[in-house]
Amino acid sequence: MIICPNCQHKEMSGAIYCSKCGAQLIDMTIATHKIHTAETRQEAQRDATRTQLPPPPAVHLQSWISLNMIESGQILPLADRTEFTLGRSAEGQPIIPDVDLSPQNAYANGVSRLHAVLKLIQDHIVIMDLGSSNGTYLNGNRLQPYIETTVAHGDVIYLGKLKIQVLIE
């Protein structure tokens with residue numbers, strides 16, 4: 001259990017924000033599974049050179065981007081909004097990412113609860129790391145937290161060790 005330093009409300013372990021007052025909880029005893037940066041960078045660079053683009057997915061017309069989950073081959077179309085948070089859900093967590101990657105073995109791959117955000121800004125797409133524990137990589141290059149970086153069709157994003165290919169309509 002975590003006790004909110006602001007209102008003394010008890011929260012489940014792993015909570016980021018107090019569900020009663022909204023304060024950020026200081027005690028983050030359950031962290032994202034730690035992975036080694038050098039290992040991720042080398043694997044991302046190998047994959048960036050050999051990853052082939054699948055044909056564009058057949059999704060409904062309102063989809064502006066799809067995520068090809070490289071490990072499973074599943075394609076997740078994103079639609080109806082211009083911004084999506086990527087991460088994994090956890091029991092008792094009051095804030096849930098827009099795209100929950102838990103079914104993709106996110107915890108074991110080092111994905112944070114709120115890991116990154118994809119945004120459609122005018123005519124281009126950007127990704128921004130949200131201060132994740134294991135970092136966000138774009139084509140093998142680690143992104144600086146809270147700095148938007150342009151993404152192109154076919155780019156490979158790593159959230160920790162989870163490989164995702166971006167498919168832009």
Side-chain angles (χ1 to χ4, degrees), residues 2 11-17 19 25 28-37 39-48 50-120 125-140 142-143 145 149 151-169:
I2 298 174
E11 290 289 340
M12 295 195 58
S13 295
I16 298 173
Y17 297 98
S19 61
L25 301 175
M28 302 284 186
T29 56
I30 298 178
T32 302
H33 177 72
K34 185 71 176 163
I35 58 175
H36 300 288
T37 303
E39 177 186 339
T40 300
R41 185 177 296 117
Q42 289 170 353
E43 191 172 328
Q45 288 169 342
R46 276 195 314 272
D47 287 345
R50 68 177 180 211
T51 302
Q52 296 185 0
L53 294 177
V59 295
H60 54 86
L61 296 175
Q62 294 176 338
S63 174
W64 53 271
I65 189 171
S66 296
L67 303 177
N68 175 17
M69 309 308 296
I70 294 175
E71 296 280 322
S72 68
Q74 182 181 8
I75 295 181
L76 306 175
L78 305 182
D80 302 327
R81 296 183 15 213
T82 59
E83 186 173 312
F84 292 90
T85 55
L86 307 174
R88 62 178 171 83
S89 63
E91 188 176 327
Q93 177 182 345
I95 298 173
I96 299 173
D98 299 320
V99 179
D100 182 10
L101 298 168
S102 298
Q104 304 295 327
N105 204 15
Y107 177 78
N109 281 306
V111 177
S112 294
R113 291 181 183 101
L114 289 177
H115 197 106
V117 63
L118 278 171
K119 298 180 189 179
L120 174 62
I125 297 169
V126 297
I127 188 166
M128 180 173 63
D129 180 86
L130 297 174
S132 63
S133 298
N134 291 308
T136 301
Y137 294 79
L138 179 61
N139 297 323
R142 187 172 184 147
L143 303 180
T149 305
V151 177
H153 177 72
D155 282 350
V156 177
I157 296 170
Y158 275 71
L159 304 180
K161 291 176 73 175
L162 182 66
K163 297 180 270 188
I164 303 170
Q165 186 173 38
V166 178
L167 305 174
I168 300 172
E169 294 290 311

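Taken to the nearest 0.5 Å, the CG atom of L78 stands 6.5 Å off from the OG atom of S66. Atoms NZ and CD, on K161 and E71 in that order, are 9.5 Å from each other to the nearest 0.5 Å. In this structure, D129 CG and L138 CG are separated by 11.5 Å, a value rounded to the nearest 0.5 Å. Remark: S89 OG to L114 CG distance equals 10.5 Å, nearest 0.5 Å. Atom NZ of residue K163 and atom CD1 of residue I157 lie 14.0 Å apart, to the nearest 0.5 angstrom.
Contact of the L162 side chain with the M69 side chain is registered, since non-hydrogen atoms from C-beta on lie closer than 4.5 Å. Taking the side chain as every heavy atom from C-beta outward, L120 and I65 never approach each other to under 4.5 Å. Counting heavy atoms from C-beta on, the side chains of M128 and K119 come closer than 4.5 Å. Contact annotation: the side chain of L143 approaches that of I127 to within less than 4.5 Å [non-hydrogen atoms, C-beta and beyond]. I125 places a side-chain heavy atom less than 4.5 Å from the side chain of L118. Looking only at side-chain heavy atoms (C-beta outward), E83 and V117 come within less than 4.5 Å of each other. Looking at heavy atoms from C-beta onward, R81 lies in side-chain contact with D98 at the 4.5 angstrom threshold.
Across L101 and A106, no two heavy atoms sit closer than the pair O-CB, 3.2 Å. V151 and V126 get closest at one heavy-atom pair: CG2-C, 4.2 Å. Minimum interatomic distance between A116 and L159 (heavy atoms only, all atoms of both residues): CB-CD2, 4.0 Å. In plain terms, the two heavy atoms of P97 and T85 that are nearest each other are CA-OG1, 3.4 Å. Residues D155 and A152 approach most closely at OD2-N, 2.8 Å, considering heavy atoms. For the residue pair R113 and A90, the shortest heavy atom distance occurs at NE-CB, 3.5 Å.
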Trace of the side chain to side chain contact (heavy atoms under 4.5 Å, CB included) decision for L167 with H153: CA-CA 5 Å; L167 305 174; H153 177 72; 3.8 Å; yes
Test side chain to side chain contact (heavy atoms under 4.5 Å, CB included) applied to L67 and Q165, step by step: CA-CA 6 Å; L67 303 177; Q165 186 173 38; over 6 Å; no
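Panel note: side chain H115, backbone G135; a donor-acceptor pair is recorded below 3.5 Å. N109 places no side-chain N or O within donor-acceptor distance of the main-chain N or O of V111, the cut-off being under 3.5 Å.
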